[in-house]
Amino acid sequence: MSEKTFLALFSDVNPAAEAIAQLREMGMKDEQMQVISGIPFTAPILGRPHPRTNVPRMAMGGALVGFLLAMFFTIGTPNLYPVYVGGQPLIPVPPSVIATFELTMLGMLLATFLGVFLDSRFPSYRPMEYVPAISDGKIGVLFRCTEEESSRWMDALQKLGAESVSPVEAVQL
Amino acid sequence: MEKTLTIPEYKADWAEGENGKWGMVIDMDLCTGCQACVAACAMENNISFVGEEDAGYGRTMHWIRIERFWEGTYPEIRMTPYQPILCQQCGHAPCEPVCPVFASVHSQAEQINLQVYNRCVGTRYCANNCPYQVRVFNWRDWPRPAPLENQLNPSVTVRRRGIMEKCTFCIQRIRQAEDVAKSEGREIRDGEVVPACAQACPADAIVFGRLDDPESRVSQLANSPRGKKLLEELGTLPQVTYLLGG
Amino acid sequence: MSQEISRRDFLKLGGLGAVATMVLTGCGTAARYVRRTPYTKMPEYTFTGQSTYFATTCRECPAACGLIVRTFQGRAIKVEGNPNHPVNAGKTCARGQATLHGLYNPDRIQGPFKRSARGSEQITPLDWNAAIQVVAQALRETSPQGIAFLLGMAPDHLFDLVSDLARALGAPAPIRFGALGMFEARATLRKATQNVLGQDGLPWFDLGAANVVFSFGANFLETWLSPVAYTRLFSQMRRGERNEKRGYFVQFEPRMSQTASKADEWIPLRPGTEGWVAQALGKLIADARGLQVAAFSGVNVEEVAQNSGIEVAELQRLADLLMKARRALVIPGGAALAHTNGLENAEAILTLNALLDAPITLSPLSPFGDAYHQPASLQEMAALIERMRRGEVQALFIHGANPVFELPAALGFAEALQKVPLVISFATFPDETALQADYVFPDHHGLESWGYQRLATGSAFPTLSSSQPVVVPFYNTQATADVLLAAAAQIGGAVAQALPYTDEVAYIQARLSPLLEQKNGFFGAPEINTFFAYFQQYGGWWKTTEETVKPSWENAFNRRLQVKAAEFAGEGEFHLLPFISPVLGEAGANKPWLQEVPDPTTTVMWNSWIEINPQTAEELGLQDDDVVRVVSDQGSFEVSVYRYPAIRPDVVAIVFGQGHTAYGRYAQGRGVNPGQILKPVTNAAGDLAFAATRVRLEKTGKKRAISRLESILGVYGEH
Amino acid sequence: MAVAAKPLPHAHTHATEGPDHRESLMFDPRPRGLMNAWAMEAMHETSWKFWAVAAFLALIVLVFLVGAWAWMIMEGLGLAGVNRPAFWGVFLVNTVFWIGISHAGTFISAILRVLKVEFRRPFTRAAELMTAFGLIQAGFSILMHMGRVWLSYWLLPYPNQRQLWPNFHSPLTWDFLAITTYLLSSLMYLYLPLIPDLAMARDRSSGWRKRLYRILALGFRGTEEEWEHLRKAMTIFAFAIIPVMFSVHTIVSWDFAMATRPGWSSTIFGPYFVIGALHSGMAAVVVVLFFVRRMKHMTYFVRPEHFDALGKLMLVISMAWAYFFFNDYIVQWYGGDKWTRMLLEYHENGPLGWMWMLMLICNVAVPWLLLWNRRVRRTPWLMAIIGILINVGMWLERYVIVPISLTINRMPFTWRQYVPGIEIPLGIGTLALFILLYMLASRLIPLVPIWEVQEGQMVHSLERVGKTYVPVVKELE
């Protein structure tokens with residue numbers, strides 16, 4: 001049984017959200033659908049399950065790594081190679097706070113950035129289902145179904161206000 | 001004489017008024033401003049001369065300079081006593097913590113302030129932070145036409161451009177004397193180490209020695225009621241004492 | 001791999017390499033790459049990694065301080081004072097320290113040569129045999145009366161040798177000259193001593209023993225006679241080492257010199273009135289003690305007060321200061337003696353000591369039993385110049401002196417030199433005089449030389465200071481003594497017999513041999529070689545007992561003394577006061593580090609300046625660094641203004657030591673030479689009255705920044 | 001046909017009876033496709049004048065920056081005007097200045113984003129680009145300052161055979177860490193919101209641009225997950241980069257405040273510097289926006305309302321700056337410490353006292369006298385001039401703080417004036433490089449975040465309240 005990907009394009013968010021709800025009522029599973037859009041819409045607007053994101057967790061992890069690195073620099077290295085300066089203690093607390101802060105933040109932000117890449121599987125230069133109209137602000141609903149079922153979904157979507165519903169091929173973006 | 005040196009770990013351990021190891025006393029009543037120390041220092045430490053234009057622009061490399069000011073106007077004019085200014089070898093040196101690469105560090109063994117030429121990257125923060133303005137920077141590779149290089153002292157690194165330098169209390173002489181003393185199995189005698197400036201001083205205004213030895217000439221002079229540290233109020237704990245008045 | 005690299009590729013690679021090398025050498029470690037080729041054969045007494053120390057005598061001035069030179073693998077590294085030496089006791093001045101910059105100066109004369117024309121840089125190198133030939137021929141073929149030797153104030157062994165040579169030849173005795181002697185007015189001091197005490201010799205002022213010291217212009221902390229020795233005594237006085245209390249010091253002079261800046265009081269009296277002030281003080285003391293002193297009796301204190309600018313009450317206070325002192329000392333020197341009435345001034349000042357039990361003695365004779373041969377006064381130099389001008393001098397030999405630069409231009413030495421058919425210079429350095437010589441046969445640098453030096457003054461112990469080479473000669477130079485001995489041998493006959501020495505060392509040893517008999521030296525030896533070895537090792541030979549001569553003041557009390565008013569040459573509104581640079585001395589301008597050592601009082605480096613009282617400058621509309629033309633009736637030059645707060649408004653002062661037209665890259669074309677505009681008037685002792693010229697100042701509208709170490713911001717309470 | 005960026009339902013746009021809001025970008029929506037086309041056009045179409053200017057700037061960069069710097073590396077810092085006691089000179093002035101400029105981008109795109117200030121939308125990117133390029137100039141300036149720049153990597157903490165690590169006591173090490181953190185964060189924060197616009201550009205270009213944008217857009221399609229990750233990340237960045245920004249300029253101020261020097265040792269230097277940075281940064285944004293606006297069709301995106309809003313901000317910041325300045329000044333003045341008194345006297349009446357005066361005129365008098373006026377605020381060229389003046393004033397402020405304050409210290413014997421030398425061509429070189437980078441970036445990067453503008457237009461609407469219509473902003477998140 002061969003499954004194909006279809007794309008329904010909407011101009012407005014309301015018809016798109018309605019269509020998604022309708023499709024779900026008609027028995028299409030959430031996993032079968034995917035919304036692509038030129039501006040960010042939240043899951044509640046579209047009536048879609050909340051996508052899972054690891055970015056905040058990654059950020060926390062990065063912050064921890066940065067913090068530990070800072071601890072190594074400010075406490076570890078002076079102990080490894082003691083050098084005394086200006087009558088200050090070998091491990092000066094206030095300056096260490098600064099280094100710790102900067103490195104923690106750096107770790108966190110680097111991890112956040114990296115998290116976007118990991119979570120979104122960036123960069124991916126494989127062919128993907130996409131039409132340039134999306135970046136013109138259209139909202140696309142991608143769904144996968146067998147060819148037999150496709151006409152049913154296409155008709156339903158067209159009735160719900162989709163500008164066009166058509167099968168899409170994965171193309172080189 | 002047996003001496004135990006407690007090397008304090010940091011500020012809290014080292015109280016004000018406590019003595020370091022090496023120290024200097026300069027009697028301003030004796031200093032005649034003759035500049036012998038300036039020349040001797042330059043000869044001993046391979047200090048570059050910079051030429052007229054740079055010298056006039058504040059780029060001289062003197063590790064020791066003699067300051068004097070005028071007070072009043074003619075005929076009630078007075079010159080303040082000549083005051084040789086050199087690195088005060090602070091116990092709490094403001095120049096040290098600000099160096100990002102540890103080029104300016106404290107010698108725990110000698111209790112003086114070291115400048116590691118090879119480590120210096122030339123941020124010049126130490127010089128800004130030195131309240132005594134005794135650090136000098138190699139703004140260029142100062143010319144030293146041949147055969148002047150024959151005079152260079154092999155015990156002292158020849159510095160190049162981009163590097164901060166300053167008085168070292170002639171650490172090469174301190175080290176030499178320590179080696180000799182060690183090989184002879186004894187302590188360094190008072191007066192055995194003499195930096196070039198003190199050695200040359202015709203008025204004998206500069207006295208150098210161990211501050212941690214209460215018997216030494218420098219200790220006794222440093223405790224004189226005439227003694228005053230330069231910019232004492234900053235709490236830098238200088239190792240150089242100036243004797244004021246007569 | 002490709003076997004051949006095309007030329008094009010090669011050039012590309014080469015270019016790349018050059019750039020890489022440039023960058024890599026440019027951006028390397030902190031240490032500068034210094035190339036110092038090792039000696040293929042290590043000089044004697046050098047061990048790898050070990051310093052060797054040699055005792056010798058400083059030749060930067062004739063004070064004869066003992067040095068210990070640290071050498072390392074055949075190179076002189078550092079000059080240190082000889083701790084045992086009676087003059088300097090281990091100390092040195094800035095000039096002594098910088099002597100190495102003379103030794104390794106890039107502009108030294110590197111070998112003997114003949115000049116194509118006087119003043120020309122075009123030279124033909126000679127070898128030393130030819131050079132000796134030239135000297136021998138000149139000595140042989142010139143009539144003895146046509147030979148003149150002009151020597152510097154050091155070294156003494158050469159002076160003795162040349163004296164012997166001149167005697168053997170029947171030529172006039174050698175003449176010594178040096179700018180230091182000129183600016184110290186040594187002849188005046190000596191003459192005054194002779195007149196006042198009836199004794200010959202230079203007085204030795206034992207400051208360390210005095211509580212109160214009055215100095216009339218004697219800049220004994222700078223260059224005067226034996227500055228390191230006097231600084232030591234000054235230090236003793238200030239410490240009160242021998243006198244319990246800190247000594248009090250008053251300096252009388254129109255400009256605050258470095259010495260005056262150390263004084264507790266600086267009294268800016270009118271130039272030329274020093275003698276009167278001394279007389280007035282003397283009269284006040286004598287009156288207070290009920291004494292009759294002939295030298296002071298004819299003085300009207302009020303008149304002196306008016307003339308000198310010191311009020312009567314002030315004079316009284318100063319006189320009281322002297323009287324109350326347990327031991328007071330009054331020193332004549334410097335500019336006080338450099339007036340037309342300089343000799344009388346010196347006598348008046350010296351006589352004042354008669355009332356004070358002053359710690360003055362006469363400097364001891366040398367261990368040889370003779371005195372240091374004093375340099376010529378200006379009058380004697382003028383006589384030599386006159387002989388030269390008249391064509392009576394056919395061959396002039398110059399060593400260690402630079403009269404073209406040092407003498408006042410108006411005396412005409414340079415012109416007179418043109419009348420001398422043959423001029424042979426033994427200069428180590430291409431100075432102005434060597435530039436006017438037909439032949440230059442360079443002597444070794446002082447640190448490469450043998451020799452000895454007597455003390456003119458500087459110690460109470462009879463001392464002979466020794467020189468020895470601390471390094472092998474760096475260039476193809478030859479000891480002048482050796483050249484002259486070789487020439488004498490070539491001449492043969494009586495001359496060769498009078499100088500039967502194989503070389504310089506043999507001559508020195510022969511001269512030293514009488515010392516073997518002396519008993520009270522700090523070392524002795526049974527024979528000359530051992531003695532000579534010790535002599536070199538310790539840096540000289542001196543007696544362990546003081547041998548100063550006690551002065552007799554009886555004569556001074558009864559001697560009448562009339563001090564005439566000083567006369568001044570020229571019409572300008574300012575007295576010109578030249579003073580010898582405390583840092584450069586007479587011949588330090590060629591040493592780069594000395595140029596960079598700031599002048600003690602003004603902190604100026606690398607150039608000349610004229611000192612003007614700030615109030616005067618304001619009246620004239622002059623700012624710091626403004627270039628003024630200084631005009632006397634002898635000429636003019638342009639120099640930048642330094643507003644010096646401690647100088648009389650009617651006096652301008654200028655430093656002597658710069659203004660060279662030759663003398664190497666560090667000296668040439670730098671600053672001005674006040675000698676150019678000095679009127680060559682003399683005092684009664686024949687010394688140059690260098691403070692007797694009057695000048696006027698003309699604005700030029702130009703500005704030339706003076707390099708100074710001190711801040712120019714806020715110096716006078718302004719920004 | 002592209003879709004119009006229509007407001008969300010229940011909106012009453014083009015309301016005839018209310019005040020006309022169409023002068024506001026948010027109430028003047030255009031089809032997304034048209035806006036995309038304008039953005040693309042601005043990148044594509046270039047006049048010969050543009051390239052002539054770029055070539056001229058490139059030449060300046062080559063001679064004044066590359067050439068002069070190479071010469072200085074070979075010769076040493078003697079070519080510059082630094083001396084004793086002014087060991088720091090214009091290089092440090094420029095460093096602080098450029099770091100200050102860089103604060104604007106973060107301020108606009110982080111603080112204003114967090115505070116949901118809507119007028120920020122069209123120029124967040126223009127400001128962020130300034131941050132990135134400004135920090136690059138700051139980096140160059142501090143490298144020029146170093147005596148041995150070829151060893152600058154010794155500031156990096158890495159294991160090495162020298163058995164030495166950087167000194168974490170040193171404010172310069174903090175500085176190094178902070179600037180590195182800030183530069184990296186700013187670049188990442190510039191890039192994240194750029195991804196959708198790069199995807200847009202990818203969809204609309206061909207040839208080398210297509211290849212370039214394909215790589216840079218990373219395969220972004222705009223799926224729910226992608227947007228979610230991006231939004232989360234941008235929220236984290238927006239919150240986290242604010243303290244980083246504050247720390248950077250505070251630490252820069254600590255380079256001075258930690259020193260035992262009269263005039264520098266001041267506890268208020270941290271906030272004073274931060275406000276100063278914002279002062280110059282906002283002013284610089286205005287100047288940049290003035291030039292951006294002159295590009296094709298940018299009058300649509302950048303409007304007088306934006307200058308107006310920025311003008312108000314500038315006025316407030318100027319007041320804050322004056323407040324901190326006065327705070328610093330009066331404490332120093334009142335303290336009456338001998339050296340500080342001399343320093344203040346020198347600032348005001350010294351030979352360079354005019355700089356101090358001009359600083360106050362540019363930073364306080366000019367904004368206070370002009371920016372209260374709505375008509376001035378809405379005149380872009382006037383605003384650009386004011387922006388330039390404020391930047392001159394802020395540069396002078398740093399000049400007063402660095403070399404002029406260094407002239408005066410506790411050893412009056414060493415006081416000496418500073419006269420810049422090769423710093424001037426090198427400074428001009430960094431300015432030229434900044435402009436050049438900006439010009440080149442304007443050819444490669446959509447200067448307006450179109451998706452953010454569209455999003456904004458969608459959430460804005462007018463709602464009838466009583467007799468009139470008032471703007472209403474909906475929140476999508």
Side-chain angles (χ1 to χ4, degrees), chain B residues 27 29-30 32-36 38-40 42-44 47 49-53 55-57 60-62 65-70 72-75 77 79 81-82 117-120 141 145-154 157-160 162-163 196 199-205 246, chain C residues 29-32 34-36 72 75-81 88 90-94 97-98 100-101 104-106 221-222 227-228 231-232 234-235 238-239 246 256 258 261-262 268 474 582-583 592-598 600 605-607 613-615 645-646 649 705-709 715:
Chain B
D27 192 331
D29 194 37
L30 300 183
T32 67
C34 73
Q35 311 280 348
V38 177
M43 293 295 134
E44 170 75 13
I47 303 176
F49 52 91
V50 305
E52 182 173 13
E53 203 178 318
Y57 189 61
T60 50
M61 302 298 292
H62 306 125
R65 65 169 186 269
I66 299 179
E67 294 195 353
R68 61 99 187 88
F69 296 97
W70 296 107
T73 49
Y74 183 88
I77 181 88
M79 188 192 276
Y82 292 108
Y117 305 126
N118 270 321
R119 183 65 178 167
C120 179
D141 274 334
L148 276 174
E149 78 281 359
N150 283 286
Q151 181 264 327
L152 294 174
N153 183 352
T157 311
V158 183
R159 286 82 54 189
R160 65 178 323 178
I163 289 173
Q199 190 181 39
C201 180
D204 208 14
Chain C
T29 53
R32 257 171 106 172
V34 179
R35 187 194 298 274
R36 211 150 68 171
F72 187 84
R75 265 89 177 186
I77 300 297
K78 179 72 173 55
V79 165
E80 293 163 6
N88 57 325
K91 303 301 186 179
T92 55
C93 67
Q97 286 292 335
L100 294 172
H101 270 198
Y104 293 123
N105 197 291
L221 296 177
E222 298 159 57
V228 178
T231 306
R232 191 180 68 245
F234 168 80
S235 177
R238 273 291 149 91
R239 283 203 175 100
R246 176 180 179 276
M256 190 194 278
Q258 183 202 334
S261 70
K262 282 311 288 179
F474 200 72
V583 170
W593 244 114
L594 270 192
Q595 288 277 12
E596 190 135 319
V597 168
M605 298 165 278
W606 288 98
N607 218 310
N613 186 298
Q615 286 146 300
I706 302 174
S707 289
R708 43 168 105 176
L709 186 68
V715 177

Gap separating the CZ atom of C:Arg246 from the CG atom of B:Asp29, nearest 0.5 angstrom: 4.0 Å

Does any non-hydrogen side-chain atom of C:Pro600 lie less than 4.5 Å from one of B:Ile66? no

Are side-chain heavy atoms of C:Pro614 and B:Tyr74 found at a separation under 4.5 Å? no

Heavy-atom contact with chain B under 4.5 Å, split by part of [X]:
X        : value
C:Pro598 : both
C:Pro268 : both
C:Asn88  : neither

Where [X] and [Y] come nearest, the two heavy atoms and their spacing:
X        : Y        : answer
B:Pro147 : C:Pro106 : CD-CA, 3.6 Å
B:Arg65  : C:Leu709 : CB-CD2, 3.8 Å
C:Ala94  : B:Cys34  : CB-O, 4.2 Å
C:Thr92  : B:Pro202 : O-CG, 3.3 Å
C:Lys78  : B:Ala196 : CE-CB, 4.1 Å

Given 3.5 Å as the limit, does a donor-acceptor pair link the side chain of [X] with the main chain of [Y], or not?
X        : Y       : value
C:Gln258 : B:Thr32 : yes
C:Ser707 : B:Ala55 : no
C:Glu596 : B:Val50 : yes

Quick one: of C:Leu594, C:Asn607, C:Val228, who has the most non-hydrogen atom pairs under 4.5 Å with chain B? C:Asn607

Evaluation steps, side-chain contact (heavy atoms from CB on, under 4.5 Å), between B:Met43 and C:Val79: CA-CA 8 Å; B:Met43 293 295 134; C:Val79 165; over 6 Å; no

So for B:Ala200, is it side chain, backbone, both, or neither that comes closer than 4.5 Å to the heavy atoms of chain C? both

Heavy-atom pairs under 4.5 Å with chain C, option from B:Val38, B:Asp27, B:Ile47 with the top count: B:Ile47

Per-residue tally against chain C (heavy atom, under 4.5 Å) across B:Ala146, B:Ala205, B:Ala203, B:Gly56 peaks at B:Ala203

Angle class for the B:Phe49/C:Trp606 ring planes (parallel below 30°, perpendicular above 60°, tilted otherwise)? tilted

Would you call the rings of C:Trp593 and B:His62 parallel, tilted or perpendicular if under 30° counts as parallel and over 60° as perpendicular? tilted

Please step through side-chain contact (heavy atoms from CB on, under 4.5 Å) for the pair B:Asp204 and C:Arg239, ending with a clear verdict. CA-CA 10 Å; B:Asp204 208 14; C:Arg239 283 203 175 100; 3.8 Å; yes

